[in-house]
Amino acid sequence: QVQLVESGGGLVQAGGSLRLSCAASGRTFSTYVMGWFRQAPGKEREFVAVISKSGGSTYHADSVKGRFAISRDNAKNTVYLQMNSLKPEDTADYYCAAGRNSWDNSKEYDYWGQGTQVTVSS
C-alpha cells in the first residue's frame, strides 16, 4: 500500500517553469517505478515521463522531451517533474503513479496520487 501526494502545480505564463513533487509514504519507495501522467479536459490520460527504480533510466514523451525532466530522490521518497518552457497545451491535471513493473502505459501502474493542476496561460 502506497500513498502518493503531488504538489507544486499552479498558474504560470507560457515559457515559464514549474517543478512538481510527488511524496510517497512507506519504506519501499525504491522498489517502485515512478511515472508522471497528465489529463486535459475532454482528453484521455496520457503518459508524460517515467523513471526506473534506481533512477538510472528515464523516458519522456515526445511532446515534452527536451522541456521536462523526471528525477527521484529515494532518500526523500520523492519523485519530481521539472517543467520548463511551458506551453498552453501543457495545461492539465498531473498525476504521479507507482508500479512494480511498469513503463509508459497507465494500466501498468498500481497506485496514483490525487493530482495537481497545471495551467499555462498564453
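Positions are given from 1, in the same order as the sequence printed here. Just so you know, these numbers come straight off a predicted model, no measurement behind them.
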- With a 3.5 Å cut-off and no angle check, do the side chains of T31 and R100 form a donor-acceptor pair? yes
Grouping I, L, V, M, F, W and Y whenever their side-chain heavy atoms are under 4.5 Å apart, do [X] and [Y] come out in a common cluster?
X: F68; Y: W103; result: no
X: Y95; Y: V120; result: no
X: V50; Y: V79; result: no
X: Y32; Y: Y109; result: no
X: Y111; Y: L81; result: yes

- Item | Check: T58 side chain, I51 main-chain N or O, donor-acceptor pair, under 3.5 Å | no
- Determine yes or no for a side-chain-to-main-chain donor-acceptor pair under 3.5 angstrom, with H60 supplying the side chain and I70 the backbone. yes
Side-chain donor/acceptor pairs under 3.5 Å, residues 33-40, sequence neighbours excluded:
| residue | atom | partner | partner atom | Å |
| --- | --- | --- | --- | --- |
| W36 | NE1 | Y80 | O | 3.3 |
| R38 | NE | E46 | OE2 | 2.6 |
| R38 | NH1 | D90 | OD1 | 2.9 |
| R38 | NH1 | Y94 | OH | 2.9 |
| R38 | NH2 | E46 | OE2 | 3.2 |
| Q39 | OE1 | R45 | NH2 | 3.4 |
| Q39 | NE2 | K43 | O | 3.1 |

- Message: Does anything in residues 103-114 form a salt bridge (Lys or Arg N to Asp or Glu O under 4.0 Å)? List the pairs, not counting sequence neighbours.
- Response: none
- For the pair T119 and Q117, evaluate side chain to side chain donor-acceptor pair (under 3.5 Å) and give the outcome as yes or no after the intermediate values. CA-CA 7 Å; T119 302; Q117 183 175 317; 3.1 Å; yes
- For atom NZ of K76, is the number of surrounding heavy atoms from other residues, nucleotides or ligands below 6.0 Å larger than 12? no
Name each donor-acceptor pair under 3.5 Å that joins a side chain in residues 7-25 to protein atoms two or more places apart or in another chain, with its distance.
| residue | atom | partner | partner atom | Å |
| --- | --- | --- | --- | --- |
| S17 | OG | N84 | OD1 | 2.9 |
| S25 | OG | Q3 | N | 3.0 |

- Could you give me the CA-CA distance, side-chain angles and deciding distance for F29 and R72, then say whether side-chain contact (heavy atoms from CB on, under 4.5 Å) is met? CA-CA 10 Å; F29 180 71; R72 69 191 294 164; 3.3 Å; yes
- Query: If you look at every heavy atom in V118 and M83, which pair is closest and at what distance?
  - Reply: CG1-CE, 4.1 Å
- In this structure, CG of N74 is separated from OG of S54 (nearest 0.5 Å) by 8.0 Å
